Amino acid sequence: MDSYEQTMLAYLTKQQLFHKGDRLVIGVSGGIDSMVLLHFLAQQRSQLGVGLTAVHVDHMLRGEQSAEDSHFVEQQCKLWDVPYELVQIPVPAILAEKGGNTQSVCREERYRIFEIVMEQTQSTVLVTAHHADDQLETVLMDGMRGSLKNGAFGMRNKRPISSGSLVRPQLAVTKAEIARYAELNKVPHREDPSNASDAYTRNRIRKTLLPAMVAENPRAALHFSELAEQINEDAAFLQQLAEQALEELLISPGELVISAESFRSHPSALQKRMVLLLLNYLYDGKRVLITSHLAEQVRELLQSSSGTVFLHLPQNYMMIRQYDRVFFENQKEHAELQRAEISQCWSPPARGCRYRVLPAGEEPQEENAVFWYFHSEETDFTLRGRKPGDRILLAGMSQAKKLARLMIDEKVPSQQRDGWPIIVAGEHRVLLVPGLRAAAGLSRTKRSEDNRVLVEQCIDYAKRGRN
């Protein structure tokens, strides 16, 4: 038994990546990594007590070469008595119709097929051929890009997917050990020419950085793979704590609305993970690169509860902190504000709240409600967007201030100003600019002369995006 086999069997036993009786789906490209993994599992399936199904996905990017790869995998699966599935995915047509990054589209389609086959074969484990050198490449790439998709350090050796688990047993071995196994056992394989192309960052790292690191220490890739496992074990524990803390932090279950003060009460290590959870919930299923810079911007916004602050996020989202309350909204969805009469009924949601004006003394028993008392001879009250010339008389000022100037002073982004809600009495008397300032004459305490009350109720509409 060579070192590859010994290492793999010991690693499978130690890590418990799968168990006797499990059915495994193996992603097989035809390259040396996946062919060695397929050969090893086919040889050890009786000892391991598992069932196998090989899946080859033809992305139809290389014409006849792709077809030859499919035929090669089919022939080897027959020779090794492994059930197999061959699936063609017209990636060029998908790219022509929808656009996108070729590698990302290939990966998404490939894993979609893997999960379909898992369901069809009643398999609970997907096995991929990533090895220690791949792990080192991934760590270096993520570090250079500042990528923080889920807070993991490199690739995990086991993670959940919708149909069960994805495992990577070859993270315990290097590319050199895989090549030695292939030579000793005469494992045939094919090479994808794109693996040699300098057009891809991973390939450039493989050609330049890895040889230098291996020259310093031949076991560098294994050390990084072991380091990733250790860090990810600790990270998994912290992630559980962060998920529990965030659940308690949410103002309303199922909504992305939190208290900045409560957020700051948690240690920095949990804060960072809660930010990643928030962003991953917000962009659930969307192609968004969550960088360390973006995550730190979000965390910095949560370090105070004074004033109103905005942060532009990818894909037209805006993070808004109105004093202590923090929520998210899509700018496209809220770009146009509809005029609404609020003398008789509640307004539609506007920046996370709804509004209504009632006679003083008829305040409703509503949760999360704030009452603004004032005197008014007007009987018509409206929520609308800002108009040119609108002004507000603020406490301590002798002249009304233009709303345009107020919004500049309050650092409201220019594209937000026209759609910002205001509450007016009659046609022009501005009572409240929600989240910014209230007019002189409005009081949180009822006075003898007050005959009206403006009710502001915070509601929860910034959906989490978790299914």
Side-chain angles (χ1 to χ4, degrees), residues 11-19 22 111 115 118 124-128 130 135 138-139 142-143 146-169 171-172 224-286 288-292 294-303 313 319 326-328 460 462-467:
Y11 189 71
L12 289 172
T13 299
K14 178 183 177 182
Q15 298 294 330
Q16 296 288 293
L17 299 184
F18 47 78
H19 305 88
D22 284 344
Y111 278 84
E115 294 196 30
M118 288 178 71
T124 56
V125 180
L126 170 63
V127 188
T128 63
H130 299 99
Q135 180 73 292
T138 300
V139 169
D142 287 349
S147 176
L148 287 172
K149 281 186 178 178
N150 53 19
F153 185 77
M155 296 180 286
R156 288 177 283 173
N157 63 4
K158 183 176 185 178
R159 68 170 177 83
I161 58 175
S162 63
S163 302
S165 299
L166 183 154
V167 303
R168 300 180 173 104
L171 291 181
F224 268 89
S225 190
E226 291 165 359
L227 176 64
E229 283 183 23
Q230 294 169 9
I231 291 176
N232 285 330
E233 284 178 3
D234 295 344
F237 174 67
L238 289 173
Q239 189 73 2
Q240 287 182 339
L241 295 181
E243 289 174 359
Q244 293 172 5
L246 185 59
E247 288 291 340
E248 296 171 359
L249 204 64
L250 294 171
I251 292 174
S252 176
E255 308 297 331
L256 268 186
V257 183
I258 66 173
S259 158
E261 182 180 5
S262 298
F263 176 87
R264 295 193 300 274
S265 69
H266 293 281
S268 175
L270 293 189
Q271 288 184 13
K272 293 176 180 179
R273 285 166 172 80
M274 285 192 284
V275 165
L276 290 178
L277 285 169
L278 285 168
L279 292 173
N280 280 310
Y281 291 162
L282 185 67
Y283 294 114
D284 182 39
K286 298 182 176 69
V288 176
L289 178 64
I290 297 174
T291 65
S292 55
L294 174 62
E296 190 56 30
Q297 283 184 305
V298 171
R299 196 164 79 94
E300 286 179 4
L301 186 145
L302 289 159
Q303 298 308 308
L313 300 174
M319 180 178 179
V326 180
F327 60 97
F328 301 82
D460 302 312
K463 297 297 182 187
R464 251 206 230 183
R466 282 201 296 179
N467 294 321

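On a predicted model such as this, the values are computed, not experimentally measured, just so you know. The chain is numbered in sequence order, starting from 1.
From Leu246, atom CG reaches atom OH of Tyr281 across 5.5 Å, with rounding to the nearest 0.5 Å. In this structure, Met319 CE and Leu278 CG are separated by 7.0 Å, a value rounded to the nearest 0.5 Å. To the nearest 0.5 Å, the span separating CD1 on Ile258 from CG on Leu302 amounts to 5.0 Å. Once rounded to the nearest 0.5 Å, the distance linking OG of Ser225 with NE2 of His130 reads 12.0 Å. Put simply, CG on Leu277 and CG on Leu270 are 10.0 Å apart, with the number rounded to the nearest 0.5 Å.
Gln239 contributes no side-chain N or O that, together with a main-chain N or O of Arg273, makes up a donor-acceptor pair within less than 3.5 Å. Not a single donor-acceptor pair under 3.5 Å links the side chain of Ser262 to the backbone N or O of Leu249.
Between Phe153 and Glu229, the closest side-chain pair of non-hydrogen atoms is not below 4.5 Å. Annotation: side chain of Lys158 is not in contact with side chain of Gln15 (no heavy-atom distance under 4.5 Å). Side-chain contact between Lys272 and Val275 is absent, with no heavy atoms from C-beta onward closer than 4.5 Å. Using a 4.5 Å cut-off on side-chain heavy atoms (C-beta onward), Ile161 and Met118 make contact. Considering only heavy atoms from C-beta on, Glu243 stays 4.5 Å or farther from Glu247 through its side chain. The closest side-chain heavy-atom distance from Leu227 to Val139 is not below 4.5 Å.
Heavy-atom neighbours of Glu261 CD from other residues, nucleotides or ligands within 6.0 Å: at or below the threshold of 12.
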Evaluation steps, side chain to side chain contact (heavy atoms under 4.5 Å, CB included), between Asn232 and Asn157: CA-CA 9 Å; Asn232 285 330; Asn157 63 4; over 6 Å; no
Starting from the C-alpha separation in whole Å, work towards a yes-or-no answer on side chain to side chain contact (heavy atoms under 4.5 Å, CB included) for Leu313 and Tyr283. CA-CA 10 Å; Leu313 300 174; Tyr283 294 114; 3.2 Å; yes
Verify side chain to side chain contact (heavy atoms under 4.5 Å, CB included) between Leu12 and Phe18, making sure each step is shown before the conclusion. CA-CA 8 Å; Leu12 289 172; Phe18 47 78; 3.7 Å; yes
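With sequence neighbours excluded, no residue forms a side-chain hydrogen bond (donor to acceptor under 3.5 Å, both in side chains) with Glu226. Residues satisfying the ring-ring contact (aromatic ring centres under 6.0 Å, His included) test with Tyr111, not counting sequence neighbours, are Phe114. Not a single side-chain hydrogen bond (donor to acceptor under 3.5 Å, both in side chains) links Asp22 to another residue, sequence neighbours left out.
The shortest non-hydrogen separation linking Met274 to Ala242 is CG-O, 3.6 Å. A pairwise comparison of heavy atoms in Tyr11 and Arg168 identifies CE2-O, 4.3 Å as the closest pair. Nearest heavy-atom pair across Arg299 and Gln271 is NH1-OE1, 2.9 Å. Considering all non-hydrogen atoms of both residues, Ala295 and Leu279 come closest at CA-CD1, 4.2 Å.
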